[in-house]
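A short write-up of the structure that comes next.
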Amino acid sequence: MATTTTTTFLYALSAVVVITLVSLTSVSNACPPSDRAALLAFRAALQEPYLGIFDSWKGYDCCHKWYGVSCDQESHRVADINLRGESEDPIFRKAKRTGYMTGSISPAVCQLERLSSFTIADWKGISGPIPPCIASLPYLRILDLIGNKLTGELPADIGRLSRLTVLNVADNQLSGTIPRSLTNLSSLMHLDIRGNRISGTIPRNFGKLRMLSRALLSKNELNGLIPESISYIYRLSDLDLSLNRLSGPVPASLGKMAVLATLNLDGNQISGQIPPTLISSGISILNLSRNFIEGYIPDSFGPRSYFTVMDLSYNKLKGRIPKSISSATYIGHLDVSHNHLCGPIPAGSPFDHLEASSFESNDCLCGKPLRPC
């Protein structure tokens, strides 16, 4: 009888030990209390009334099934916050709607010292400033705050984020100027500040961003010249400076860039002439419309000229459409309307598939698809 009692006791004791060890292991694998507290403070500053994305933010382990939160497997520190208001996630499909969130971004997020990716995108109603302390997160690689109502300026010390590869603050209500320190972001590959109220000039040393592949600065209030140093960014494939107040000439060096494929400069106050280098470059989308560009269309088309879009409309161009344009490998869409061009429209490709609207409102253009010469 004593033996049976002893055995039962030992089994019970073993079970208690196992449960205790499992509990200790779970606690040791959980996120630190400081990270959990920072996330809860971040959540407290936001209101999301429709989807319940924060309903899973409960319990002690913020690394386990907290929606949009991921942790480093070794340190168990919070590494990623990924909350998108437009998503294919089942939460959105079930609700049959996109997300809407109000409130502000709490500076408490800056206490997540190992944060690598911070995405709070397309919630439409989040307002207030970007916390300046964001610039103190040494491991931050992705900062994506597109599609909110953020105000204020970009953090002045944002250039301290030496690991940052993506900076996307498009479609907000940010103001101020481009911080001088931004050109210190030596790892930056994607810059998108479109659709804000950012003013001032593009930094002269913008070309320091040597890793940049996309620079999207359209729909702001930028003024001054297009910096020559942009041509030093040998990886740059997409440059959009449209719908600003930029002036002065188009730097000829932009046409000598190795991989530049899209150049949008429309809707500015650019003057001077079209550099011939743009015509004989590898650019496939060229939009110079709605500026004050004058002179002639360069007669420098050739086999290297391959344009899916070439829009030169609403400028002050004069003279004839150059004959060399027929030697271009491809021109998909051409628009030279609302200029002061004159003379016959060349026959054959690419003109045989273009409509009259591509040539209207010039001084004396003639030939198909316009009236006969």
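Here, residue 1 is the first one in the sequence, and each next residue gets the next number.
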Which side-chain N or O atoms in residues 261-282 pair as donor and acceptor under 3.5 Å with protein atoms at least two apart or in another chain?
unit_1, atom_1, unit_2, atom_2, d
Asn268, OD1, Asn244, N, 3.2
Asn268, OD1, Arg245, N, 3.3
Asn268, OD1, Leu246, N, 3.0
Asn268, ND2, Leu241, O, 3.0
Asn268, ND2, Leu265, O, 3.0
Asn268, ND2, Asp266, O, 3.4
Thr277, OG1, Ala252, O, 2.7
Ser280, OG, Pro276, O, 3.4
Ser281, OG, Leu278, O, 2.9
Ser281, OG, Ile283, N, 3.1

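- By the rule that hydrophobic residues join a cluster once side-chain heavy atoms approach within less than 4.5 Å of another member, Met189 and Phe118 end up as members of separate clusters.
- No option in Leu174, Leu150, Asp171 other than Leu174 meets the side chain to side chain contact (heavy atoms under 4.5 Å, CB included) test with Asn196.
- Salt-bridge annotation for Asp192 and Arg214: absent, with no side-chain N of the basic residue lying under 4.0 Å from a carboxylate O of the acidic one.
- Under the side chain to side chain donor-acceptor pair (under 3.5 Å) criterion, Lys124 pairs with Thr98, sequence neighbours left out.
- Salt-bridge check for Arg84 with Asp144: passed, with a basic side-chain N closer than 4.0 Å to an acidic carboxylate O.
- Cys63 has its SG atom at least 2.5 Å from the SG atom of Cys31.
- Put simply, the side chain of Trp123 gets close to the backbone of Leu83: a donor and an acceptor are under 3.5 Å apart.
- Taken together, the cysteine pair Cys373 and Cys366 places its SG atoms within less than 2.5 Å of each other.
- Atom-to-atom distance recorded for Thr177:OG1 and Leu222:CG is 9.5 Å, nearest 0.5 angstrom.
- To the nearest 0.5 angstrom, Ile130 atom CD1 is 5.5 Å from Leu154 atom CG.
- Distance alone, capped at 3.5 Å, places no donor-acceptor pair between the Ser218 side chain and the Asp240 backbone.
- Side-chain contact, Ser34 with Gln111: no donor N or O sits under 3.5 Å from an acceptor N or O.
- For Arg43, the CZ atom counts as densely surrounded, since its 6.0 Å shell holds more than 12 non-hydrogen atoms of other residues, nucleotides or ligands.
- Put simply, CZ on Arg235 and OG on Ser213 are 8.5 Å apart, with the number rounded to the nearest 0.5 Å.
- Ser186 contributes atom OG, which lies 11.5 Å from atom CZ of Arg210 (distance to the nearest 0.5 angstrom).
- Crowding of His333 atom NE2: a count of heavy atoms from other residues, nucleotides or ligands under 6.0 Å exceeding 12.
- Using a 4.5 Å cut-off on side-chain heavy atoms (C-beta onward), Leu51 and Phe92 make contact.
- Leu191 and Ile142 fall into different hydrophobic clusters, where Ile, Leu, Val, Met, Phe, Trp and Tyr side chains are chained together by heavy-atom contacts under 4.5 Å.
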Check the pair Leu39 / Ile81 against side chain to side chain contact (heavy atoms under 4.5 Å, CB included), numbers first and verdict last. CA-CA 9 Å; Leu39 285 174; Ile81 298 175; 3.8 Å; yes
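- Atom CZ in Phe301 sits 8.5 Å away from atom CG in Asp299 (nearest 0.5 Å).
- Under a hydrophobic clustering in which Ile, Leu, Val, Met, Phe, Trp and Tyr are joined whenever their side-chain heavy atoms come within less than 4.5 Å, directly or via other members, Leu143 and Tyr139 fall into different clusters.
- The backbone N or O of Asn315 sits less than 3.5 Å from a side-chain atom of Asn339, completing a donor-acceptor pair.
- In the hydrophobic clustering (ILVMFWY side chains linked at under 4.5 Å, chained through shared members), Val309 is joined by Ile285.
- Tyr330 shares a hydrophobic cluster with Tyr306; the chain of contacts runs through ILVMFWY side chains whose heavy atoms sit under 4.5 Å apart.
- In the hydrophobic clustering, where aliphatic and aromatic side chains (Ile, Leu, Val, Met, Phe, Trp, Tyr) are joined below 4.5 Å either directly or transitively, Phe292 stands alone.
- When the side chains of ILVMFWY residues are joined at heavy-atom separations under 4.5 Å, either directly or via intervening members, Leu312 and Tyr314 end up in two distinct hydrophobic clusters.
- Both Val250 and Ile233 are assigned to one and the same hydrophobic cluster, defined by single-linkage of ILVMFWY side chains at heavy-atom distances under 4.5 Å.
- Note that CG of Asp335 is 7.0 Å distant from OG of Ser357, once rounded to the nearest 0.5 Å.
- Ser305 pairs by the side chain to side chain donor-acceptor pair (under 3.5 Å) definition with nothing, not counting sequence neighbours.
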For Ser175 and Glu153, run side-chain hydrogen bond (donor to acceptor under 3.5 Å, both in side chains): C-alpha distance rounded to whole Å, both residues' side-chain angles, the deciding distance at 0.1 Å, then the answer. CA-CA 5 Å; Ser175 56; Glu153 303 184 12; 5.6 Å; no
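- No more than 12 heavy atoms of other residues, nucleotides or ligands sit less than 6.0 Å from atom CZ of Arg180.
- Because its NZ or CZ atom is both nearer than 6.0 Å to the ring centre of Tyr50 and within 45° of the ring axis, Arg97 counts as a cation-pi partner of that residue.
- In this pair, Phe54 and Phe42 present their aromatic rings perpendicular. The plane angle is above 60°, beyond the 30 to 60° band.
- Taking a 6.0 Å sphere around CZ of Arg36, one finds it holds more than 12 heavy atoms contributed by other residues, nucleotides or ligands.
- If you check the side chains of Ser181 and Asp157, you find no donor sitting under 3.5 Å from an acceptor.
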Trace of the salt bridge (charged side-chain N to carboxylate O under 4.0 Å, His left out) decision for Arg77 with Asp35: CA-CA 7 Å; Arg77 299 295 303 272; Asp35 279 14; 3.0 Å; yes
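- Side chain of Ser56 to backbone of Tyr67: a donor-acceptor contact under 3.5 angstrom is found.
- Environment of CZ in Arg197: sparse, with no more than 12 heavy atoms of neighbouring residues, nucleotides or ligands closer than 6.0 Å.
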